[in-house]
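Please read the structure below before turning to the comments.
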Protein chains: 2
Amino acid sequence: MKMHNPPHPGEVLRELCLKPLGLTVTQAARALGVSRKTLSGILNGRGGISPEMAVRLSLAFGTTAETWMNQQIQHDLWHVERRRKKLKVARLPAA
Amino acid sequence: MKMHNPPHPGEVLRELCLKPLGLTVTQAARALGVSRKTLSGILNGRGGISPEMAVRLSLAFGTTAETWMNQQIQHDLWHVERRRKKLKVARLPAA
DNA sequence: AATCAGTGTAACGTATACGGTTACAGATCG
DNA sequence: CGATCTGTAACCGTATACGTTACACTGATT
């Protein structure tokens, strides 16, 4: 039960990957093989980490794709949970 | 390093949730608050588990949304990893 | 045989997301 | 000033998620 707004993965990406290596957005985008716009959108919280992007990040930075996807999921789920009450779902008996 | 095609979450959903409770697709869709088509698509591997759907499943079956999202991610990543070679990504020094 | 519930799915619509290119404004630096 | 980096708007195409309606098929039940 996460209580606080988890940072979007882009924030983590910028702080933990770009900053330490002194990479510019332009350089990182080129390295990842995506457009500068796409990376910029992620870094500034306007876009999410797609499965393909997660694999790109894992290849470029030597991390795992799961790490990035998990962050994205935490972020996505947090937003959905906020409107959980609005979802009309019947509680079924546990299997 | 997963080697085998992970089952799509719909398969798990049908076997572990619908079957044990003797639920029809129609009944389950109604309980989840989605259309029969949407649930059918997931059950037959034509659609994925969206974050909202993951929360619906957690509410209906008393599981966690993360459980469902993780299954979806394993499935998604497996497909992307298959074409990992095609992604032109530069390897950067570890941070 | 006829009816009905359940199922998959096609056809159509909408909204959102991801990806790209181009182009522009603002900042910073030599 | 000229060069670089950045964010982002405008536009495109594609894919996904969701909905409704309608159809054909199956397997029970009557």
Side-chain angles (χ1 to χ4, degrees), chain A residues 8-11 13-15 17-19 21-60 65 68-69 71-80 82-84 86-89, chain B residues 8-11 13-15 17-60 65 68-69 71-73 75-80 82-84 86-89:
Chain A
H8 59 265
E11 202 172 323
L13 177 57
R14 193 193 292 271
E15 297 302 320
C17 297
L18 300 210
K19 283 261 180 73
L21 294 176
L23 286 172
T24 67
V25 178
T26 304
Q27 289 170 333
R30 189 188 309 268
L32 289 166
V34 300
S35 73
R36 182 168 63 87
K37 179 204 169 181
T38 295
L39 180 57
S40 175
I42 292 171
L43 291 174
N44 294 288
R46 277 179 297 102
I49 306 274
S50 66
E52 181 177 311
M53 182 60 72
V55 171
R56 287 182 189 277
L57 291 171
S58 74
L59 290 172
W68 295 105
M69 288 308 294
Q71 288 184 56
Q72 185 60 50
I73 284 159
Q74 290 304 319
H75 189 256
D76 290 345
L77 287 181
W78 185 81
H79 286 288
V80 179
R82 286 175 55 191
R83 54 197 164 93
R84 182 163 54 88
K86 314 227 178 189
L87 304 178
K88 279 161 286 182
V89 178
Chain B
H8 58 266
E11 203 173 321
L13 177 56
R14 192 193 292 270
E15 297 302 320
C17 298
L18 301 210
K19 284 260 180 75
L21 294 175
L23 286 172
T24 67
V25 178
T26 303
Q27 290 170 334
R30 190 188 306 270
L32 290 166
V34 300
S35 73
R36 182 169 64 86
K37 180 202 169 181
T38 295
L39 180 56
S40 176
I42 292 171
L43 291 174
N44 293 287
R46 276 178 300 102
I49 307 275
S50 66
E52 181 177 310
M53 181 62 71
V55 171
R56 287 182 189 278
L57 291 170
S58 73
L59 291 172
W68 294 107
M69 289 308 293
Q71 288 185 56
Q72 184 61 50
I73 283 159
H75 189 257
D76 289 345
L77 287 181
W78 186 81
H79 285 288
V80 179
R82 284 174 54 190
R83 53 197 165 95
R84 180 164 55 89
K86 314 227 178 192
L87 304 179
K88 277 163 286 181
V89 179

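Numbered from 1 within each chain, the chains take letters A, B, ... in sequence-line order. Computation of the quantities below employed the complete heavy-atom set of this structure, encompassing side-chain atoms and omitting hydrogens, waters and symmetry-equivalent molecules.
- Of the possible donor and acceptor atoms, none in the side chain of A:Gln72 sits under 3.5 Å from a partner among the backbone N and O of A:Gly48.
- At whole-Å resolution of the value, CD in A:Glu11 and P in D:dG7 are 13 Å apart.
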Polar atoms only, N or O, under 3.5 Å: list the protein pairs with nucleotides 27-30 of chain D and their distances.
none

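- Which of D:dC5, D:dT8, C:dT7 sits closest to the side chain of A:Thr26 comes down to D:dC5.
- Residues satisfying the side chain to side chain donor-acceptor pair (under 3.5 Å) test with A:Gln71, not counting sequence neighbours, are none.
- The interatomic distance linking B:Asn44 (CG) with C:dA10 (C1') rounds to 14 Å, in whole Å.
- Between A:Met69 atom CE and C:dA17 atom C1' the separation is 13 Å, expressed in whole Å.
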(Q) For a quick check, with a 4.0 angstrom heavy-atom cut-off, what is the B/S/- contact string for nucleotides 12-26 of chain D, read 5' to 3'? (A) -----SBBB-B----
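- Considering all non-hydrogen atoms of both residues, B:Asp76 and A:Pro51 come closest at CB-CG, 3.9 Å.
- Rounded to 10 degrees, the angle separating the terminal helix axes of the helix from C:dA1-D:dT30 to C:dG30-D:dC1, each built from five base pairs, is 10°.
- Distance check, rounded to the nearest 0.5 Å: CD1 of B:Ile49 to CD1 of B:Ile42 gives 4.5 Å.
- Among pairs with a residue in residues 31-45 of chain B, none fulfils salt bridge (charged side-chain N to carboxylate O under 4.0 Å, His left out), at least two apart in sequence or across chains.
- Rounded to whole Å, the distance from CG on A:Leu18 to P on D:dC5 is 14 Å.
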Detail all sub-3.5 Å separations between protein N/O atoms and N/O atoms belonging to nucleotides 26-30 of chain C.
none

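- Contact detail for A:Val80 and B:Glu52: the closest heavy-atom pair is CG1-CA, 3.8 Å.
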